[in-house]
Amino acid sequence: MERSDEEFARVVGQYRAVIYKVCSMYADSGDELADYFQEVLVNMWRGWRSFRGECALSTWVYRVALYTCVSFVRRKSSRPRSVPLPVDLGIEAEAERAPMLRELYRLIGRLNRFDRALILLWLEERPYAEIAEIMGISKANVAVKILRIKERLKRMSEE
């Protein structure tokens with residue numbers, strides 16, 4: 001099935017907030033967040049025409065975003081310092097809307113990468129079956145891990 005540029009633009013618009021949230025889990029600064037966001041969009045564009053629809057579109061977007069951010073973090077130490085682009089991606093307003101979410105994200109940021117991704121998908125109200133498919137674990141394992149992560153976050157917030 002041939003996928004159009006217009007469809008891609010609609011998908012980006014539809015999932016922009018999701019991509020932002022995934023990127024914010026891994027970025028240490030606003031500049032880094034913009035870099036991650038841009039890198040996710042580039043990788044989505046590269047894979048757009050070959051997306052076969054074997055999984056839900058939302059699953060594909062999450063996978064691309066998660067794998068891109070994890071790869072970006074791994075490469076970060078070997079990359080030269082980036083220069084911020086003067087492009088408004090519309091993500092600054094998202095960051096300013098909810099101070100409580102920023103605190104939650106700060107706590108989530110202290111989790112390991114796998115747990116961060118897992119809790120982010122749960123916060124996005126993804127079904128356990130989809131989370132399991134994205135993360136490569138069983139549905140039962142998803143439930144157990146989410147319970148443990150929530151308990152850990154509660155303890156961290158009480159510190």
Side-chain angles (χ1 to χ4, degrees), residues 1-98 101-137 142 145-146 149 153:
M1 174 180 183
E2 185 65 25
R3 301 200 178 278
S4 71
D5 296 349
E6 292 80 20
E7 283 180 290
F8 180 77
R10 277 194 301 276
V11 168
V12 168
Q14 180 180 355
Y15 291 100
R16 188 182 75 184
V18 168
I19 297 166
Y20 167 82
K21 288 174 185 173
V22 171
C23 293
S24 70
M25 290 291 110
Y26 293 91
D28 293 328
S29 68
D31 289 343
E32 213 171 64
L33 176 61
D35 288 344
Y36 287 18
F37 191 89
Q38 181 178 356
E39 190 84 7
V40 169
L41 293 183
V42 167
N43 286 337
M44 284 176 58
W45 176 252
R46 287 180 182 149
W48 177 242
R49 298 215 188 269
S50 62
F51 173 61
R52 296 184 305 261
E54 293 174 352
C55 63
L57 183 58
S58 60
T59 300
W60 179 76
V61 170
Y62 274 110
R63 279 185 183 161
V64 171
L66 286 169
Y67 294 161
T68 300
C69 289
V70 169
S71 295
F72 208 92
V73 167
R74 287 181 186 150
R75 294 189 323 250
K76 185 168 68 170
S77 62
S78 64
R79 289 182 77 170
R81 192 170 165 263
S82 63
V83 178
L85 297 174
V87 176
D88 179 15
L89 298 174
I91 58 178
E92 291 82 10
E94 183 82 24
E96 296 173 4
R97 284 187 201 150
L101 276 179
R102 293 305 295 165
E103 176 61 17
L104 176 62
Y105 288 156
R106 186 188 68 76
L107 293 173
I108 291 171
R110 292 172 49 192
L111 299 171
N112 67 50
R113 292 178 186 143
F114 186 86
D115 289 350
R116 271 187 266 175
L118 193 65
I119 199 69
L120 174 67
L121 292 168
W122 179 80
L123 287 170
E124 285 294 319
E125 299 179 355
R126 307 315 311 164
Y128 280 18
E130 184 178 351
I131 295 172
E133 183 180 352
I134 292 168
M135 301 301 294
I137 59 177
V142 168
K145 286 187 176 293
I146 287 174
I149 293 167
L153 288 170

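As the structure is a computational prediction, the values presented were derived from the model and not from experiment.
- Between Q14 and V61, the closest side-chain pair of non-hydrogen atoms is not below 4.5 Å.
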Worked verdict on D5 versus R49 for side-chain contact (heavy atoms from CB on, under 4.5 Å): CA-CA 9 Å; D5 296 349; R49 298 215 188 269; 2.6 Å; yes

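- With sequence neighbours excluded, the residues that form a side chain to side chain contact (heavy atoms under 4.5 Å, CB included) with E130 are S58, T59, Y62, R126, P127, I134.
- When the side chain to side chain donor-acceptor pair (under 3.5 Å) test is applied to R110, the partners found at least two apart in sequence or on another chain are E159.
- With sequence neighbours excluded, the residues satisfying ring pair (Phe, Tyr, Trp, His ring centres under 6.0 Å) with F8 are W45, W48.
- Using a 4.5 Å heavy-atom cutoff, the side chains of Y128 and I146 are in contact.
- Counting only heavy atoms from C-beta outward, the side chains of L66 and M135 approach each other to under 4.5 Å.
- Contact check for T68 versus Y36: no side-chain heavy atoms found under the 4.5 Å cut-off.
- Note on residues 55-66: pairs passing salt bridge (Lys or Arg N to Asp or Glu O under 4.0 Å), not counting sequence neighbours, are R63-E133.
- For E125, the side chain to side chain donor-acceptor pair (under 3.5 Å) criterion is met by no residue, not counting sequence neighbours.
- Legend: salt bridge (Lys or Arg N to Asp or Glu O under 4.0 Å) pairs involving residues 113-123, not counting sequence neighbours, sorted by first then second residue: D115-R152.
- F114 has its side chain within reach of I137: a pair of non-hydrogen atoms, C-beta onward, lies under 4.5 Å apart.
- The side chain to side chain donor-acceptor pair (under 3.5 Å) test applied to S24 returns no partner, not counting sequence neighbours.
- For E6, the side chain to side chain contact (heavy atoms under 4.5 Å, CB included) partners two or more places apart in sequence, or in a different chain, are S4, R10.
- Between M44 and I19 the shortest side-chain heavy-atom distance falls below 4.5 Å.
- Between I108 and L120, the closest side-chain pair of non-hydrogen atoms is not below 4.5 Å.
- Considering only residues two or more places apart in sequence or on other chains, S29 meets the side chain to side chain contact (heavy atoms under 4.5 Å, CB included) condition with D31, E32.
- Legend: residues meeting salt bridge (charged side-chain N to carboxylate O under 4.0 Å, His left out) with R46, ordered by chain and number and at least two apart, are absent.
- Within the 4.5 Å cutoff, side-chain heavy atoms of L57 are placed close to those of F51.
- Rounding to the nearest 0.5 Å gives a distance of 7.5 Å between CG of L111 and CD1 of I119.
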